[in-house]
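Below: the structure, in structure tokens.
Counting starts at 1 for both ligands and their atoms, following the listed order. Bear in mind that the values here come from a model prediction, so they are computed numbers and not experimental data.
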Amino acid sequence: MKITIEKADRSELKAKPDENNLGFGSYFSDHMFVMDYADGVWQNGVIKKYGDFSIDPAAMALHYGQAIFEGLKAYRGKDNQIHLFRPKDNLARFNRSARRMCMPEVDIDLVYGGIKKLLEIDQEWVPSALGATLYIRPTMIATEAALGVRPSKRYIFFTILSPVGAYYPEGFNPVKIFVTDKYVRAVRGGVGEAKTAGNYAASIMAAIEAQEQGFTQVLWLDACDRQSIEEVGTMNIFFVIGDELITPPLQGSILPGITRESVLTLTRDWGLKVVERPITIDEVFAANEQGQLKEVFGSGTAAIISPVGSLYYKGQECRINGSKTGELSQRLFDDLQAIQYGYKEDHHGWVETI
Ligand code: COI
């Protein structure tokens, strides 16, 4: 399939927002990349002016939630070049989500080509301000008009671009996290490891209740034992206890983060003791009491590395490292960004320059 290009008129292009005041996900670039799926094939690939879709009120995504997405970023790096970080890993995960949700896979090379073309057309939207990036959101929704519960026969794939700053209002400052044992996000055998819209919908009520009490985010526990730590929902989670870096294993209910995998690779390269194993919230609090809990941080595309200053669970607060950013969080944040922006050598073939 050849992707058609229909550029917006110059007069239709939008004014760019202030790069130092972007927030997260409030602005969208001038173009989008769209394809349709019908009769068993992807077709009508086009890059066109950003705008509304028209979909039937019976479109299946609206009723039964066949909707998946990805999040990756374009960085304006050294020499003014545009870099992408592990883009094909995101697209491979997109296809895994598609399989789990009984949706059609996409051709990774074709979609990557379309995203690169979209970025070329909207290249002026890649911010230059430090810490600002162009967030790329590939998405697929079921569009067949039908009310029977079964896989849709029609889909729209689209990619939109949004210039963003830090995901959390705290920026890189430590966040306060509420540990919930009242709500659960996902369960093994469910769809927790797929990047599907319903996982995020399921998280909203707990997030609102946490925010009302002054917390930035929620830490989820295993849905069955309500003890083993899972993830934050917008990021995976890591603990430094003694001289070990610990993160929960991928057992089906947490998202296999690309940044999570990059953190594991970098820290193993640095010779740290890194363990993927189940870890309970009681163990974390006990380690803190014994002075063994050195750092906690989250990792994600949107959040990058986000130090955790405190965890709040069953009325108890666990303050970590005096609520200051830890050494390892800082090193990971600096190194990952330096690699992503092209200021530090990429020994893993993660960065694509376009
Ligand atoms: C990301 O880190 O890219 C995410 O998808 C998290 C969130 C913004 C939904």
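Checking T234, I136, V164 against atom 7 (C) of ligand 1, the nearest heavy atom belongs to T234.
Residue Y200 has at least one heavy-atom neighbour below 4.0 Å for each of these atoms of ligand 1: 9 (C). Close approach of ligand 1 to F69 (heavy-atom distance below 4.0 Å) involves ligand atoms 5 (O). Per-residue contacts place G71 under 4.0 angstrom from the following atoms of ligand 1 (heavy atoms of the residue considered): 3 (O). Against a heavy-atom cut-off of under 4.0 Å, Y135 is close to the following atoms of ligand 1: 1 (C), 3 (O), 4 (C), 5 (O). Taking a cut-off of under 4.0 Å to the non-hydrogen atoms of A302, the atoms of ligand 1 that pass are 1 (C), 2 (O), 3 (O), 8 (C).
Under 3.5 Å, the side chains of E317 and Y312 contain no donor-acceptor pair of N or O atoms. S253 and E193 are not linked by any side-chain donor-acceptor pair at a separation below 3.5 angstrom, with hydrogens and angles left out of the test. Inspection of the Y183 and E209 side chains reveals an N or O donor paired with an N or O acceptor under 3.5 Å. Using modelled atom types, one finds no donor on one side chain facing an acceptor on the other under 3.5 Å when comparing H347 with D269. No hydrogens or angles considered: nothing links the side chains of Q227 and D222 as a donor-acceptor pair under 3.5 Å.
Around CD of E289, the count of heavy atoms belonging to other residues, nucleotides or ligands within 6.0 Å does not exceed 12. Atom CZ of R154 has 12 or fewer heavy atoms from other residues, nucleotides or ligands within 6.0 Å.
Among all non-hydrogen protein atoms, the one lying nearest atom 8 (C) of ligand 1 is Y167 CE1, 3.6 Å. What sits closest to atom 5 (O) of ligand 1 on the protein, heavy atoms only, is K195 NZ, 2.7 Å.
Contacts with ligand 1 closer than 4.0 Å are made by no heavy atom of K73, backbone or side chain.
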